[in-house]
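What you see is a predicted model; the values in this text were computed from it and never measured. Atoms considered below: every heavy atom in the structure, side chains included; atoms not considered: hydrogens, waters and symmetry mates.
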Amino acid sequence: MGEVFDAVVIDVDEVKPGGHVQLADPAVIARCDGDGLPLGGRVPVRLVRADPATREVRFAVAT
């Protein structure tokens with residue numbers, strides 16, 4: 001929790017802020033919360049949730 005990773009924005013949600021990002025290492029695709037995600041762009045993201053029981057991983061744009 002709290003670690004920052006480099007990610008690529010692969011989907012932007014048009015209804016609410018955020019979208020989906022893909023990390024290269026470790027290989028992860030997950031929801032990312034934040035405004036103004038640039039589709040196809042690289043952004044730093046911070047891990048805010050990782051729950052092995054529910055298999056949920058969530059990031060937020062790192063500032």
Side-chain angles (χ1 to χ4, degrees):
M1 303 294 279
E3 189 171 350
V4 175
F5 299 89
D6 290 323
V8 175
V9 180
I10 60 171
D11 182 45
V12 176
D13 193 329
E14 295 185 19
V15 177
K16 56 185 174 181
H20 287 86
V21 295
Q22 180 174 359
L23 280 60
D25 187 28
V28 174
I29 295 175
R31 174 81 187 164
C32 181
D33 300 318
D35 290 325
L37 289 176
L39 185 60
R42 293 186 177 272
V43 294
V45 295
R46 182 175 314 279
L47 180 62
V48 294
R49 181 172 173 85
D51 186 344
T54 62
R55 299 182 65 178
E56 181 183 4
V57 177
R58 194 165 199 128
F59 294 92
V61 175
T63 55

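- Residues Val9 and Pro38 share a closest heavy-atom pair of CB-O, 3.3 Å.
- In this structure, Val61 is a member of the same hydrophobic cluster as Leu23, with clusters built from ILVMFWY side-chain heavy atoms closer than 4.5 Å.
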Quiz item: Under the side-chain contact (heavy atoms from CB on, under 4.5 Å) criterion, do Val4 and Val45 qualify, and how do the steps go?
Solution: CA-CA 5 Å; Val4 175; Val45 295; over 6 Å; no
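- Counting all heavy atoms, side chain and backbone alike, Pro17 lies closest to Asp35 at CB-OD1, 3.0 Å.
- Annotation for Leu37 and Cys32: closest pair CD1-O, 4.0 Å, computed over non-hydrogen atoms.
- No path of Ile, Leu, Val, Met, Phe, Trp and Tyr side chains, each step under 4.5 Å between heavy atoms, connects Leu39 with Val8, placing them in separate hydrophobic clusters.
- Using a 4.0 Å cut-off between a side-chain N of Lys or Arg and a carboxylate O of Asp or Glu, Arg31 and Asp13 qualify as a salt bridge.
- Ion pairing between a basic and an acidic side chain is recognised when a charged N comes within 4.0 Å of a carboxylate O; Arg58 and Asp33 show such pairing.
- A donor-acceptor contact shorter than 3.5 Å links the side chain of Arg46 to the backbone of Gly2.
- Residues Val48 and Val21 do not share a hydrophobic cluster, defined by chaining ILVMFWY side chains whose heavy atoms lie under 4.5 Å apart.
- Put simply, CG on Leu47 and CD on Glu3 are 7.5 Å apart, with the number rounded to the nearest 0.5 Å.
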